[in-house]
Amino acid sequence: MNKTNLVIIGNGMVGHRFVEELIDKQVSNQFNITIFCEEPRVAYDRVHLSSYFNDHNAQALSLVSDGLYQTNQINLLLNERAIGINRQAKEVYAQSGQVIPYDKLVIATGSYPWVPPIKGADGKNCFVYRTIEDLDAISACAKYSRRGAVVGGGLLGLEAAGAVKNLGMETHVVEFAPVLMAEQLDALGGEQLRRKIEAMGVGVHTNKNTLEITDAANGKVMQFADGSSLEIDFIVFSTGIRPQDKLARECQLEIAPRGGIVINDYCQTSDANIYAIGECAAWQGRVFGLVAPGYKMAQVAIAHLLGEALTFDGADMSAKLKLMGVDVGSIGDAKGKTANCRSYIYLDENIPVYKKLVVSPDHQRLLGAVLVGDTADYSNLLQMMLNQMPLPEHPDTLILPAHAGVKPALGVDALPDSAQICSCFDVTKARIVQAIQAGCHTVAAIKAETKAGTGCGGCLPLVTQILNMELTKQGIEVSHALCEHFKYSRQELYHLIRVEGLTSFNEIIHKHGQGYGCEICKPTIGSLLASCWNNYILEPALTPLQDSNDIFLGNIQKNGTYSVIPRSAGGEITPDGLIAIGQIAKKYQLYSKITGSQRIGLFGAQKDDLPAIWQALIDAGFESGYAYAKALRMAKTCVGSTWCRFGVGDSVGFGVELEHRYKGIRAPHKFKLGVSGCTRECAEAQGKDIGVIATENGWNLYVCGNGGMKPRHADLLAADLDKETLIRYLDRFIMFYIRTADKLQRTSVWLESLDGGINYLRSVIIDDKLGINDELEKEMARIRKLVVCEWKEAVEHSENQQRFAHFINSPQRDDNVKFVPERQQHRPATAKERKIILGE
Amino acid sequence: MEQWITICRLDDILPQTGVCALVNQDHVAIFRPYNSNELYAISNIDPFAQASVLSRGIIAEHDNELWVASPLKKQRFRLRDGYCLEDAHYSVAHYDVKVNEAGLVQVKLP
């Protein structure tokens, strides 16, 4: 079969979504796919572009998973611009001279920032806000500037202003219209937004028509039509976008009167073999400047390519955003343009919060809404508007604050199956219900299965409601019971143990459980008791609760021997320490290697040798590395600014400090720390539960990463912290994890399970939303005082050492342990080799 | 004739834990689930890994029976007869065990 030549011009968010959708539908192999990407990197998340200023990590913004294009045999022309289309010959001309033939062509060239024709607007230190290169240029300019102005008080303009402010600049927003976000907000809403932004120290200048920009002795001067002026050092223009339709114009495709390539309901242009999707396309004369409609167009174009029935019939332009820390939402007919419509308004100027509902003349349907300062009602209101659901008797109750009484629930049950719950990935209610029925019984599972909630996350409250409703319908009780002996979750047991001061398993199972206990509840309670009281885990009453690893203070290996891993905080180890470890390993015939945690691991220790090995290590100045425990493993560090030419922070010093601070504290699962001295990130801190990366201005703190079974990039919790603040945040973070995670739940999975994810975590750790931070810090201080080196305790309590013998009735060693030589060391014999050795 | 081998004192076994004993050439795991003289004995060899480790597992109750979960991969073996819950083919030998009048733990030779 001859494959169709499919060429896609543009590798922005929509262009990439198109390709991803082809791959997801497993139809990409029907096409020879070529992608033109004129930027030096593949598609990245422009919606979250500003986060680039926090970490300068372009990779984190990338939308293309490693090797995705290669594995699917997609021809990516990176850094290559398409300069012409020959519709007769069906060819695309590349700037490099290549000619790419097509059967079907998709134009996804997006838009370009429009800069008004102001005299001087093309001068030095004038920028736009669109690509990573733009951000790099703004960043570089900010280094020798003090004042920045953003021209344009719309959605993107305020986003840019937030970024300029975060760069430490005196920031001004200059807007032609009388209100901010004139596209989305009414006058009163815009006014509240303005007050919030001004309260942050940002200058807001509305009704300003910029006539000219001139260079002054030290900086620039913006001259306004009203005679006033503003002195600044650099300017960012964010005055709207224009569809990038140049290629289409040049090959005579039909263009809409106000720009944009004309498309029909199937996203075809005036040439049936050419599709246009995203911000370069105009449907019914209209260009859609949001990403969700672009994604929908990508879906529609593919459906048409494959002969499936799907049409583009416009898109809802509602939006929920956080601009400079202010929550803003705009739904449907926000400005009340519908004839005879009625409004309900709630305003609290003290916070300020502003909410407005626009309803139909008969008070039956919601037409639109404006939310400033509080967008908690957004998802519910959006669903009501989109699905034309009947309004409650008193519609104003929908936007009144909590103290006014319980809000009428939307009742997800009332939503039609076709209701779009997740607009980022176009996931309907029916799809979510189907996933739940197929066994996805957690929000995390639904996210993984349907992608719902993995974009902006705004729909997660609704997803949770649907999940709870479906599970109730199916008669499934959401059980967090630990096991058959306890009907409480780990989190609930933690509270019971703390509040009631319980210190033994027998006491706990007697009061709160039933039966004898098992291999699940015993170690969980053992770990909880350690987290709460940190009594020596080998006290007679505690010993039976521990896994073998905790009883013998080493990781059990497949042949019943143990590993020995002393702490080398931050990966630092002295020459004398190395010699001592070498001598001990030699004496006890231990296999030696560097572990994945930047430490030296000695393997193959028989348990009767463990006390002597550890005595020797302690004598040489080492302590237990707790490698056997559900606790902090290590702080992996790069060499940092003390040695490295590029380092900007002392990552080793800080790593050592943090490792000693948090060592020996038992947690729901093991956790790892990484500290990098600069953004090159040699310590791979973003793959750790806690990642710390030095910046020019301090330290960035990342949390909940994982490199193991399910890799996850850590999320930025806070940027540019000083050490003291970072440590305070970490005290709270670790304690909150210990308190609330499920058994054996790593931080990455824990975060996914928190409603509201990283934003919620931020509100707890930084804004003290739950009012528990004092308590968390005190708790951490208390538990830290109780930490001892468990091996020091073990070798000092000689009465405990009998249990290290292999046999209780014989001094013989375990004759079952057999080794074979390998690469100048040895390893456990395989089953086959053992038979030969034993002569069986 | 029945032959019982004396292993250790009952007090040498911490309640709710197990120990490993050498009985002729066999590695035998002896468990003391309660603070009493109730004892169980099964082979100490984990049949999945051929490692002498079962006495180091956690004693667990499931379906009103007592089991030990292997410290290696958590397969469970019934204390009274060595039956493996996960795969009956991997069940292990069990031994008779008792505490005599002098408070000594004894295992019967098979």
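Treat the numbers as computed from the prediction; the structure is a model and nothing was measured. Residue numbers begin at 1 in each chain, while the letters A, B, ... track the order of the sequences.
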Using heavy-atom distances under 4.5 Å, tell me whether [X] contacts chain B through its side chain, its backbone, both, or neither.
| X | answer |
| --- | --- |
| A:I520 | neither |
| A:Q557 | backbone |
| A:N506 | side chain |

Would you say that more than 12 heavy atoms from the other residues, nucleotides or ligands in this model lie under 6.0 Å from the [atom1] of [X], or not?
| X | atom1 | result |
| --- | --- | --- |
| B:K98 | NZ | yes |
| A:Y588 | OH | yes |
| A:E500 | CD | yes |

Q.
Using a 4.5 angstrom heavy-atom cutoff, name the option from A:P540, A:S810, A:P828 with the most pairs to chain B.
A.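 Heavy-atom pairs under 4.5 Å are most numerous for A:P540.
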
Which portion of [X] sits near chain A, non-hydrogen atoms under 4.5 angstrom:
| X | value |
| --- | --- |
| B:I5 | neither |
| B:N64 | neither |
| B:I59 | both |
| B:I30 | neither |
| B:P33 | both |
| B:A21 | both |

- Do B:R56 side-chain atoms and A:G560 backbone N/O form a donor-acceptor pair below 3.5 Å?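 Yes, the answer is positive, given that a donor and an acceptor are paired below the 3.5 Å cut-off.
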
- With no hydrogens and no angle check, is any side-chain donor or acceptor of A:N809 less than 3.5 Å from a backbone partner on B:T6?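 Checked: no pair found.
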
- Return the option, out of B:S52, B:A51, B:C8, with the maximum number of heavy-atom pairs under 4.5 Å with chain A.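 Most heavy-atom pairs under 4.5 Å with chain A: B:S52.
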
task: Quick one: which of B:I58, B:V19, B:L14, B:V28 has the most heavy-atom pairs under 4.5 Å with chain A, could you say?
output: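 Winner by heavy-atom pair count: B:I58.
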
If the plane angle is over 60° it's perpendicular, under 30° parallel, otherwise tilted; pick one for A:H485 and B:H62.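 Correct class here is tilted.
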
Would you compute the distance between atom [atom1] of [X] and atom [atom2] of [Y] and round it to the nearest 0.5 angstrom?
| X | Y | atom1 | atom2 | result |
| --- | --- | --- | --- | --- |
| B:Q16 | A:T543 | CD | OG1 | 10.0 Å |
| A:K558 | B:K73 | NZ | NZ | 7.5 Å |
| A:I808 | B:R9 | CD1 | CZ | 9.0 Å |
| A:I551 | B:T17 | CD1 | OG1 | 7.5 Å |
| A:N559 | B:D46 | CG | CG | 11.5 Å |

- Message: Sort by residue number and list every residue of residues 100-110 of chain B having at least one heavy atom under 4.5 Å from chain A.
- Response: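 Within residues 100-110 of chain B, no residue comes under 4.5 Å of chain A, counting heavy atoms only.
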
Checklist line | Sub-4.5 Å side-chain heavy-atom contact between B:L22 and A:H806 | finding: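 Result no, sub-4.5 Å side-chain heavy-atom pair not found.
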
| query | Heavy-atom distance under 4.5 Å between the side chains of B:V53 and A:S548, does that happen here? | reply |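 Sidechains of A:S548 and B:V53: no contact.
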
Check: B:K74 and A:E519: salt bridge (charged side-chain N to carboxylate O under 4.0 Å, His left out), yes or no, with the steps?
Finding: CA-CA 8 Å; B:K74 304 279 182 288; A:E519 76 280 8; over 6 Å; no

